[in-house]
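Basis for what follows: all heavy atoms, side chains included, without hydrogens, waters or symmetry-related copies. We number each residue from 1, following the sequence as shown.
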Amino acid sequence: MKLSNFSLPVSALSPGLDALRREVREFLAAERAAGGYARTAAGWDRYDPAFSRKVAARGWIGMTWPARYGGRERSFLERYVVAEELLSAGAPVRAHWLADRQIGPLLLAVGTEAQKRTWLPRIAAGECYFCVGLSEPDSGSDLSSIRTRAVKVEGGWRVTGTKVWTSYAHMAHMMNLFARTSPRSEENRHAGVTQFLVDLKTPGVTIRPIHNLAGDHDFNEVIFDDVLLPEDAVIGKLDGAWSQVTGELAHERSGSERWLNAYGLLVSLIDQAGPQPGAADAAHVGRLVAQLWTLHRMSFSIAGMLQRGEAPDVEAALVKDLGTHFDQEVPAVARRVMPEAARARLGEGHPFNAMLERAQCYAPSHTIRGGTQEILRGIIARGLGLR
């Protein structure tokens, strides 16, 4: 059996990266002291345009992009350090996050010069937010089965169909739309799909809220009723979106946001356990901390691979799969270390209880976002030559 060249090489942490980490921490401490933000149970997954503009003013959005597009031409490792500090501090960075993480790299890789000059500076300034139109009703995780269609007409494309589970579409300015432009072929199910830039204020676009079991409104159903898109809305190659989106997912799946969703709860749990926890509690918490550090090292290694121009698709899928289960294990361990009676003594409004409640509600969704466990493990198995 021939295995792939799967690897996660260690990336050195230079003194310059340490200085950057201190800079970000000082910025966040000053923001908290000034009332710019506070850590909440929702952590980093909060829209705050004003805070995003402050991050942009520090040069921390589009960090790796060319200066002519509003970027700072810094390394992927520098971007990783900034991202990890923002997320672990529970800073409200959701507004710009997706555009910075994957839309910018997508446009840099396959976008036209006009698209780059139009959208990248706005993203880097913290003024343009994106969502992604991938999932559809009745399609599950099989993106090749999508039914949203874009038909070529005079002057552009007519789009008809429905997207579902579209995170923060109601607050975004733009969508990266995944639509079928040619009939599906059984010989190549992944052919015939194209990505489009969609202004969500375009006539015919309807956004309907989906409230989750936690009572929050982050998901949406987005309906396209004969929507006319201009010819220059196409991103990259016509009918070639599949290869583009798989490269894009390496950025989506490998970042620290895939295993820092319950970080605030872990910090609060350590505080509640105290400096001298019992042996069993120490073992539970210690295992979580060890897993956290391992995920940090793996994710940091992938940032180094991206810096070298490598395509860590399999490695990113592995980090996403492990991170998913870590985010689910944190609330499970928290319930064991702090049983119901202990939580009751803290009181209903205590930050620990609020963080635990949210982590429990959101934990099941982590196995779906960015690819289901089955899809991820299929990617890993193929990459290792196991199927």
Side-chain angles (χ1 to χ4, degrees), residues 24 27 31 36-37 44-76 78-79 82-83 86-87 91-134 156-157 159 163 166-179 194-203 205 207 218 220 222 227-236 241 244-245 247-248 251-252 255 257:
V24 180
F27 163 77
E31 281 296 312
Y37 87 96
W44 66 271
D45 193 15
R46 292 175 286 157
Y47 250 71
D48 188 335
F51 189 86
S52 287
R53 288 191 292 272
K54 291 178 183 178
V55 173
R58 301 298 295 251
W60 293 337
I61 302 178
M63 289 181 66
T64 64
W65 306 350
R68 64 183 179 277
Y69 302 131
R72 300 302 177 104
E73 300 186 0
R74 303 185 75 165
S75 71
F76 279 91
E78 288 176 303
R79 183 194 179 279
V82 171
L86 291 170
L87 296 176
V93 296
R94 192 61 165 82
H96 69 264
W97 197 256
L98 190 145
D100 179 37
R101 179 184 69 190
Q102 64 197 80
I103 304 301
L106 172 66
L107 293 179
L108 284 170
V110 301
T112 65
E113 185 63 21
Q115 288 171 342
K116 295 173 187 177
R117 292 195 177 277
T118 298
W119 300 110
L120 294 180
R122 299 182 194 180
I123 295 171
E127 296 175 351
C128 183
Y129 314 137
F130 272 75
C131 63
V132 173
L134 287 175
W157 298 83
V159 179
K163 295 295 179 177
T166 310
S167 298
Y168 293 102
H170 62 301
M171 303 181 78
H173 304 109
M174 299 290 295
M175 173 186 281
N176 172 10
L177 173 68
F178 199 65
T194 302
Q195 288 174 292
F196 294 87
L197 287 164
V198 181
D199 184 335
L200 292 173
K201 292 183 179 178
T202 303
V205 177
I207 300 174
D218 53 354
N220 298 273
V222 184
V227 174
L228 178 62
L229 301 180
E231 291 185 1
D232 61 2
V234 173
I235 305 174
Q244 294 172 190
V245 81
E248 186 182 330
H251 292 270
E252 179 180 354
E257 65 269 31

- Message: On a heavy-atom basis, which atom in Ser167 and which in Cys131 lie closest, and how many Å separate them?
- Response: O-CB, 3.5 Å
- For residues Leu120 and Leu107, determine if any side-chain heavy atom of one lies less than 4.5 Å from a side-chain heavy atom of the other. yes
- Task: Take Leu177 and Lys163 through the test side chain to side chain contact (heavy atoms under 4.5 Å, CB included) and record every step on the way to the result.
- Result: CA-CA 9 Å; Leu177 173 68; Lys163 295 295 179 177; 3.6 Å; yes
- Message: Between Gln115 and Asp232 (side chain of the first, backbone of the second, donor and acceptor by atom type, cut-off under 3.5 Å), is there such a pair?
- Response: yes
- Task: Please state whether the rings of Tyr37 and Phe51 are parallel, tilted or perpendicular, taking 30° and 60° as the class boundaries.
- Result: perpendicular
- Taking the six-membered ring for Trp and the full ring for Phe, Tyr or His, determine whether the centres of Tyr168 and Tyr129 are under 6.0 Å apart. no
- Message: Once rounded to the nearest 0.5 Å, what's the spacing between atom CZ of Arg122 and atom CH2 of Trp119?
- Response: 5.0 Å
- Can you name the nearest heavy-atom pair linking Cys128 to Met174, along with the distance? SG-CG, 3.9 Å
- Item | Test log, rule side chain to side chain contact (heavy atoms under 4.5 Å, CB included), inputs Phe196 and Val159 | CA-CA 10 Å; Phe196 294 87; Val159 179; 5.5 Å; no
- Message: If I compare all heavy atoms of Val132 with all of Thr166, which pair ends up nearest, and what's the gap?
- Response: O-CG2, 3.5 Å
- Message: Is the shortest side-chain heavy-atom distance between Arg101 and Glu257 below 4.5 Å?
- Response: yes
- Does Asp48 reach the side chain of Arg46, with side-chain heavy atoms less than 4.5 Å apart? no
- Is a donor on one side and an acceptor on the other found under 3.5 Å between the side chain of Asn220 and the backbone of Val222? no
- Message: Thr202 vs Leu228, test: side chain to side chain contact (heavy atoms under 4.5 Å, CB included). Steps then yes/no.
- Response: CA-CA 8 Å; Thr202 303; Leu228 178 62; 5.9 Å; no
- Applying side chain to side chain contact (heavy atoms under 4.5 Å, CB included), run through Gln102 and Leu98 and close with a yes or a no. CA-CA 6 Å; Gln102 64 197 80; Leu98 190 145; 4.0 Å; yes
- Query: At their closest point, which heavy atom of Arg58 faces which heavy atom of Phe27, and how far apart are they?
  - Reply: NH1-CD1, 3.3 Å
- Message: As an exercise, state the distance from CG of Asn176 to CD1 of Ile103, rounded to the nearest 0.5 Å.
- Response: 4.0 Å
Output a table of donor-acceptor pairs, distance under 3.5 Å, between side-chain atoms of residues 59-72 and any protein atom two or more places apart or on a different chain; print 'none' if there are none.
from: Tyr69; atom 1: OH; to: Glu113; atom 2: OE1; distance (Å): 2.8
from: Tyr69; atom 1: OH; to: Glu113; atom 2: OE2; distance (Å): 2.9

- Message: To the nearest 0.5 Å, what is the distance between CE on Met171 and CG on Leu200?
- Response: 13.0 Å
- Query: Can you name the nearest heavy-atom pair linking Ile123 to Ala99, along with the distance?
  - Reply: CG2-CB, 3.6 Å
- Relative to Trp97, does Arg94 satisfy both conditions: NZ or CZ under 6.0 angstrom from the six-membered ring centre, and within 45 degrees of the ring's axis? no
- Item | Which atom of Gln244 lies closest to which atom of Ile235, heavy atoms considered | NE2-O, 3.2 Å
- Note on the structure: Rounding to 0.5 Å, atoms OG1 (Thr118) and CG (Leu197) come to a distance of 9.5 Å
